S.K.: 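Have a look at this one before I ask anything.
Quantities reported herein were computed from a predicted structural model and do not represent experimental measurements.
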Amino acid sequence: MDSQYETKKNDPNAIMPYGESSGDEHVGEVRGLGGDFMHKEVEAQQGADKFHRLGWKRLTIVLIVEAIALGSLSLPGAFATLGMVPGVLLSVGMGLICIYTADVIGQTKLKHPEIAHYADAGRIMFGRWGYEIISFMFVVQLIFIVGSHVLTGTIMWGTITDNGNGTCSLVFGIVSAIILFLLAIPPSFSEAAILGYIDFVSICAAILITMIGTGIRSSSQEGGLAAVAWSCWPKENLGLAEAFIAVSNIVFAYSFAMCQFSFMDEMHTPSDYRKSIVALGLIEIVIYTVTGGVVYAFVGPEVKSPALLSAGPTLAKVAFGIALPVIFISGSINTTVVSRYLIERIWPNSVIRYVNTPKGWVVWLGLDAGITLIAWVIAEAIPFFSDLLAICSALFISGFSFYFPACMYFKITRSDTKSRNQKYFLDAVNLVCFIIGMGILGIGTYAAIKDIMDRYDRGQVSKPYSCAPVA
């Protein structure tokens with residue numbers, strides 16, 4: 001049977017739901033005679049069934065929810081920095097590389113069905129220390145992403161309400177955090193997939209309005225579209241820090257691999273994963289490349305980040321209103337992922353982790369609330385959009401999307417390749433992925449920190465926990 005749950009059940013080393021065994025019970029052991037035990041047995045079975053209902057089509061939707069949001073809003077700004085040709089090449093190239101590294105992650109999951117989250121792969125590759133380090137990276141990265149959605153929500157409310165006629169931007173941040181918390185309450189990814197259809201339509205409509213709006217504005221100006229000063233090549237006097245922030249924003253757009261283990265763990269047929277990652281990767285490449293190139297060509301080097309702000313005051317309000325679902329639905333699924341990881345780590349053999357008992361719901365809501373609060377603090381401490389994305393990409397996505405999958409290939413899946421020539425080719429590909437990841441980690445982190453310091457010195461951003469409008 002291809003069911004992942006049955007695979008775990010037949011694995012003597014896998015952690016099973018409370019009250020189940022792998023089939024190695026001692027002869028003569030008497031279990032299950034009490035009514036309380038039988039009740040917990042039923043709760044555990046119901047919980048396990050609830051968390052194994054995800055097919056490849058819904059997995060695609062869940063991946064879209066997790067991936068296509070903030071990335072598409074930052075791509076035009078990256079194109080303006082890097083130029084049209086490098087922007088297109090990087091957008092397409094990064095997309096293809098991330099499809100491949102996601103395939104390596106999928107192969108690793110099939111070979112080790114006991115992997116429920118990215119940190120579990122760290123234990124297989126590097127032992128206990130690998131598990132703990134990647135656990136830290138996994139949790140912090142997801143919280144950073146939730147924080148960036150809080151920040152985007154703050155920008156959205158300020159744009160729609162003309163900064164609330166003097167309303168403190170902290171209020172908008174709190175409102176955004178509350179919405180993110182409420183949307184993260186459903187604990188199953190199959191439930192989140194239902195909202196995913198709204199999410200996908202929302203971001204596509206917002207992007208379309210932005211492109212139409214910027215195109216109309218450019219056409220109506222003196223000289224028309226021909227007067228837009230876009231360039232095929234990087235802007236003049238481009239420094240290392242600014243260039244790498246743009247690169248990091250493109251990398252961030254393709255960050256879906258980080259949650260892939262978590263999503264695949266809910267699949268009833270995990271071997272179907274490849275359909276999902278190819279579909280998502282191609283959709284991302286088309287959306288990101290078209291959005292980045294078209295909006296940059298319409299607006300030029302003055303394009304703002306997020307790109308919705310470039311549509312003009314009125315259309316920006318309309319676009320942000322339509323993008324409201326994607327801002328909060330895409331952000332909330334990251335809260336769900338990190339809460340799922342924490343509840344399964346803290347209560348690995350308890351029905352609490354299935355969130356189908358009063359105690360389970362209390363724990364779940366407490367985790368969601370705590371994670372959202374921390375994310376709000378981060379959003380207010382780093383109140384600017386591009387640099388927050390750059391920090392996330394440089395510190396964490398460089399590993400999750402590039403050098404960790406390369407390590408998985410060399411340590412776990414390389415032996416499955418039979419052809420010598422294919423093995424040498426994949427060796428080279430994964431070595432390139434590893435180098436890319438380490439380069440983003442080192443240079444990208446330096447660039448993000450330097451740019452933050454420069455912008456504060458120039459007074460271009462508001463202070464942490466300030467009532468000033470967020471930009």
Side-chain angles (χ1 to χ4, degrees), residues 2-9 14-18 20 40 42-67 109 113-118 120 138-139 142 145-146 179-200 256 258-270 272-273 276 280 325 328-372:
D2 203 13
S3 168
Q4 177 177 265
Y5 180 61
E6 290 298 322
T7 303
K8 286 187 174 183
K9 193 170 182 178
I15 297 174
M16 298 303 299
Y18 184 94
E20 293 197 23
K40 290 183 177 180
V42 172
E43 289 177 342
Q45 184 60 53
Q46 291 174 344
D49 292 342
K50 181 175 73 171
F51 289 110
H52 290 89
R53 298 183 303 182
L54 205 62
W56 76 267
K57 294 178 182 178
R58 281 199 173 187
L59 173 61
T60 304
I61 295 299
V62 171
L63 286 168
I64 287 173
V65 170
E66 195 272 335
K109 171 65 176 175
E114 70 274 15
I115 297 176
H117 300 280
Y118 215 117
D120 299 323
F138 183 71
V139 172
L142 288 169
I145 293 177
V146 177
I179 296 174
L180 286 165
F181 164 73
L182 294 175
L183 290 174
I185 289 177
S188 168
F189 298 129
S190 60
E191 296 166 341
I194 297 173
L195 295 173
Y197 296 99
I198 301 173
D199 178 281
F200 186 56
F256 61 89
M258 179 184 56
C259 296
Q260 187 177 330
F261 281 122
S262 305
F263 297 153
M264 285 184 66
D265 199 55
E266 258 195 43
M267 293 185 73
H268 55 70
T269 311
D272 285 343
Y273 79 91
S276 299
L280 171 68
F328 296 116
I329 294 173
S330 290
S332 66
I333 200 168
N334 295 284
T335 306
T336 303
V337 173
V338 71
S339 296
R340 283 281 299 279
Y341 167 70
L342 292 174
I343 201 170
E344 290 174 9
R345 174 170 181 166
I346 299 170
W347 291 277
N349 298 305
S350 171
V351 293
I352 288 175
R353 67 193 176 116
Y354 294 123
V355 197
N356 60 350
T357 63
K359 187 175 182 180
W361 276 107
V362 169
V363 170
W364 178 258
L365 294 174
L367 285 173
D368 279 357
I371 291 164
T372 305

S.K.: Evaluate Ile185 against Trp361 for side-chain contact (heavy atoms from CB on, under 4.5 Å), listing each step before the verdict.
M.R.: CA-CA 9 Å; Ile185 289 177; Trp361 276 107; 3.9 Å; yes

S.K.: Under the side-chain hydrogen bond (donor to acceptor under 3.5 Å, both in side chains) rule, collect the residues that match up with Asp120, sequence neighbours excluded.
M.R.: none

S.K.: Would you give the length of the straight line joining atom CD of Glu114 to atom NZ of Lys109, rounded to the nearest 0.5 angstrom?
M.R.: 8.0 Å

S.K.: Taking the inter-plane angle between the rings of Phe138 and Tyr341 on a 0 to 90° scale, is it parallel (under 30°), tilted (30 to 60°) or perpendicular (over 60°)?
M.R.: perpendicular

S.K.: With sequence neighbours left out, what residues match Ser332 under side-chain hydrogen bond (donor to acceptor under 3.5 Å, both in side chains)?
M.R.: none

S.K.: What residues form a ring-ring contact (aromatic ring centres under 6.0 Å, His included) with Tyr273, not counting sequence neighbours?
M.R.: none

S.K.: Side-chain contact, heavy-atom cut-off 4.5 Å: Asn356 with Pro187?
M.R.: no

S.K.: By side chain to side chain contact (heavy atoms under 4.5 Å, CB included), which residues pair with Ala192, not counting sequence neighbours?
M.R.: Ile333

S.K.: What pairs with Ser339 under side-chain hydrogen bond (donor to acceptor under 3.5 Å, both in side chains), at least two apart in sequence or on another chain?
M.R.: Asp368

S.K.: Measuring only between side-chain heavy atoms, which start at C-beta, is Met258 closer than 4.5 Å to Ile145?
M.R.: yes

S.K.: Should Ser188 and Val355 be marked as a side-chain contact (heavy atoms from CB on, under 4.5 Å) after you check the CA-CA gap, both sets of side-chain angles, and the distance that decides it?
M.R.: CA-CA 9 Å; Ser188 168; Val355 197; over 6 Å; no

S.K.: Going by the rule ring-ring contact (aromatic ring centres under 6.0 Å, His included), which residues pair with Phe328 if we only count those two or more places apart in sequence or in a different chain?
M.R.: none

S.K.: Can you tell me how far CD of Glu66 sits from OG1 of Thr336, rounded to the nearest 0.5 angstrom?
M.R.: 11.0 Å

S.K.: For residues 54-64, tabulate all N or O donor-acceptor pairs below 3.5 Å that involve a side-chain atom, not counting sequence neighbours.
M.R.:
from: Arg58; atom 1: NH1; to: Ser190; atom 2: O; distance (Å): 3.1
from: Thr60; atom 1: OG1; to: Trp56; atom 2: O; distance (Å): 2.8
from: Thr60; atom 1: OG1; to: Ser276; atom 2: OG; distance (Å): 3.2

S.K.: Return each pair, listed once, that meets salt bridge (Lys or Arg N to Asp or Glu O under 4.0 Å) where at least one residue sits in residues 329-352; pairs must be two or more places apart or across chains.
M.R.: Glu132-Arg345, Glu266-Arg340, Arg340-Glu344

S.K.: Please lay out, stage by stage, how Val363 and Ile343 fare under the test side-chain contact (heavy atoms from CB on, under 4.5 Å).
M.R.: CA-CA 8 Å; Val363 170; Ile343 201 170; 3.9 Å; yes

S.K.: Is there a side-chain contact (heavy atoms from CB on, under 4.5 Å) between Ile115 and Asp265 once you walk through the steps?
M.R.: CA-CA 8 Å; Ile115 297 176; Asp265 199 55; over 6 Å; no

S.K.: Excluding sequence neighbours, so at least two apart, what forms side chain to side chain contact (heavy atoms under 4.5 Å, CB included) with Pro325?
M.R.: Ile198, Ser202, Ile329

S.K.: Can you confirm whether Ile371 sits close enough to Leu342 that some side-chain heavy atom of one is under 4.5 Å from a side-chain heavy atom of the other?
M.R.: yes

S.K.: For Tyr118, which residues count as a ring-ring contact (aromatic ring centres under 6.0 Å, His included) partner, sequence neighbours excluded?
M.R.: Phe261, Phe400

